[in-house]
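Atom set for the values below is all heavy atoms of this structure, side chains included, hydrogens, waters and symmetry mates excluded.
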Amino acid sequence: MGFLILVRSGLYITPMNLFYFLLETPPEVVETQTRIIDEFLKGGPVMWPLLGLSVLTLTAALERGWFWLRLISQEDRIVNDVLEASRYDLSKALEIAEYARHLTIGRFLLAPLQLRQPSPETFRLAMEAAADKEFIKMRRGDKLLETVIAVAPLLGLLGTVTGLISTFDNLTVGGGGSADEATRAASGIGAALLTTAAGMVVAIMALLVFRVFVTLQAQQMDYFSRVGSELELIYRQIWYEPADGTIPPPLPVATIATTDGAASRDNRSQR
């Protein structure tokens, strides 16, 4: 509406005028904001810690969401490049993993590749140790979300109980109560129930975020296991050479016993 007034009045529209116009808030929005603030204040002092928990939940969701977005969007390319390079040149695979060490998958692949001629057992042990360390980092924020899920409904119930106590204390016992007192009592009960609703909303929001992250963590563990097995297989088949040269596998015990028995019979027959 303000923009139309500017145009119809023939005023020159500068960027500053347009900026101030965009800052104008419609009356409907102002009324809605005022109503939300009034409902929030009706809930009493318990609404403030619930607000803090909701802010912490949103912060954890944004931080972990950015972490998973970066990882999932780049890990397939990094894994394919490292596995492809490891078939021809381990130093090239090491360079790729070193370049991607800011990501979880890069540090996981870098751990075994930076070893000097390790045995397959040492190679696998380095991957398992790196995977355990990275899984701990993936679970960052889980304890906070679990705490919010447990505490938010209890805070809501606490606010409801304290609100009901305050409401009932203000009631007139006996038949002297008026209609106004009954109306105020009903309004107080409704305001007391706001904290329960707010606590449940915060807990549900934290639970949804937590379940999404737990699912991503489980999928990532399977992905790490599959990639690690493939990298170890490439190392065993192409690059691993025992230090003492190629040694034929030992014969089974039964075969050794049969061979010794045949040799002893040949010696007796020659005598």
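Residue pairs meeting the ring pair (Phe, Tyr, Trp, His ring centres under 6.0 Å) criterion with at least one partner in residues 72-100, sequence neighbours excluded, are absent. Under the ring pair (Phe, Tyr, Trp, His ring centres under 6.0 Å) criterion, the residue pairs touching residues 41-62 are Phe40-Trp48, with sequence neighbours excluded. Annotation: ring pair (Phe, Tyr, Trp, His ring centres under 6.0 Å) contacts involving residues 136-155, sequence neighbours excluded, are absent. For residues 97-122, the pairs satisfying salt bridge (Lys or Arg N to Asp or Glu O under 4.0 Å) are Glu98-Arg101, Arg107-Glu134, with sequence neighbours left out. Among pairs with a residue in residues 136-150, those fulfilling side-chain hydrogen bond (donor to acceptor under 3.5 Å, both in side chains) read Asp142-Gln217, at least two apart in sequence or across chains. Evaluation of the salt bridge (Lys or Arg N to Asp or Glu O under 4.0 Å) test over residues 49-70, restricted to residues two or more places apart or in two chains, returns none.
Note that CG of Leu83 is 11.5 Å distant from CD1 of Ile78, once rounded to the nearest 0.5 Å. The CD1 atom of Ile165 sits 11.0 Å away from the OG1 atom of Thr160 when rounded to the nearest 0.5 Å. To the nearest 0.5 Å, atoms CE (Met127) and CG (Leu110) are separated by 13.0 Å. Note that CD1 of Ile238 is 7.0 Å distant from OG of Ser86, once rounded to the nearest 0.5 Å. Atoms CG and CG, on Leu90 and Leu115 in that order, are 11.0 Å from each other to the nearest 0.5 Å. One finds the CE atom of Met205 at 9.0 Å from the CG atom of Leu53 (value rounded to the nearest 0.5 Å).
Looking at heavy atoms from C-beta onward, Glu230 lies out of side-chain contact with Leu233 at the 4.5 angstrom threshold. Counting heavy atoms from C-beta on, the side chains of Leu155 and Thr195 never come closer than 4.5 Å. By the 4.5 Å heavy-atom criterion applied to side chains, Val55 and Thr59 are counted as neighbours. Looking only at side-chain heavy atoms (C-beta outward), Phe108 and Leu103 stay at 4.5 Å or farther from each other. Between Trp68 and Met138, some side-chain heavy-atom pair lies under the 4.5 Å cut-off. Side-chain contact between Leu94 and Val82: absent, with no pair of heavy atoms (C-beta onward) separated by less than 4.5 Å. For the pair His102/Gln74, a side-chain contact is recorded, criterion being any heavy-atom separation below 4.5 Å from C-beta on.
The nearest pair of heavy atoms linking Ala61 to Val209 is CB-CG1, 3.8 Å. Contact between Ala130 and Ala111 at its shortest, heavy atoms only, is CB-CB, 3.5 Å. Pro118 and Pro112 get closest at one heavy-atom pair: CG-O, 4.5 Å. The shortest heavy-atom contact between Leu50 and Ala198 is CD1-CB, 3.9 Å. Across all non-hydrogen atoms, the minimal contact from Gly159 to Val46 is CA-CG2, 3.6 Å. When all heavy atoms are compared, the tightest approach of Ala60 to Leu145 is CB-CD2, 4.3 Å.
Checked against ring-ring contact (aromatic ring centres under 6.0 Å, His included), Phe123 has the following partners two or more places apart in sequence or in another chain: Tyr235. For Phe135, the ring-ring contact (aromatic ring centres under 6.0 Å, His included) test picks out Phe224, with sequence neighbours left out. Partners of Arg124 under the salt bridge (charged side-chain N to carboxylate O under 4.0 Å, His left out) rule, at least two apart in sequence or in another chain, are Glu128, Glu232. Listed by chain and number, the residues in a salt bridge (charged side-chain N to carboxylate O under 4.0 Å, His left out) with Arg211 amount to none (sequence neighbours excluded). Take Thr215 and apply the side-chain hydrogen bond (donor to acceptor under 3.5 Å, both in side chains) test, not counting sequence neighbours, and it matches no residue. Residues passing the side-chain contact (heavy atoms from CB on, under 4.5 Å) test with Ile149 are Ala206, Leu207, Phe210, sequence neighbours excluded.
A donor-acceptor contact closer than 3.5 angstrom links the side chains of Thr122 and Ser119.
A chain of hydrophobic side-chain contacts below 4.5 Å, direct or via other Ile, Leu, Val, Met, Phe, Trp or Tyr residues, connects Tyr223 to Leu231. Under the 4.5 Å side-chain heavy-atom criterion for grouping Ile, Leu, Val, Met, Phe, Trp and Tyr, Val212 is not connected to Leu58 through any hydrophobic cluster. A single hydrophobic cluster is not seen to contain both Leu208 and Met200; linkage of ILVMFWY side chains at heavy-atom distances under 4.5 Å, directly or through other members, places them apart. Under the 4.5 Å side-chain heavy-atom criterion for ILVMFWY residues, a single connected hydrophobic cluster contains both Ile234 and Leu109. Met221 and Leu125 fall into different hydrophobic clusters, defined by Ile, Leu, Val, Met, Phe, Trp and Tyr side-chain heavy atoms under 4.5 Å apart, directly or through other members.
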With side chain to side chain contact (heavy atoms under 4.5 Å, CB included) as the criterion, how do Thr162 and Leu158 come out once you've worked through the C-alpha distance, each side chain's angles and the decisive distance to 0.1 Å? CA-CA 6 Å; Thr162 55; Leu158 177 63; 4.1 Å; yes
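Side-chain atoms of Asn80 come within 3.5 Å of backbone N or O of Asp76 as a donor-acceptor pair.
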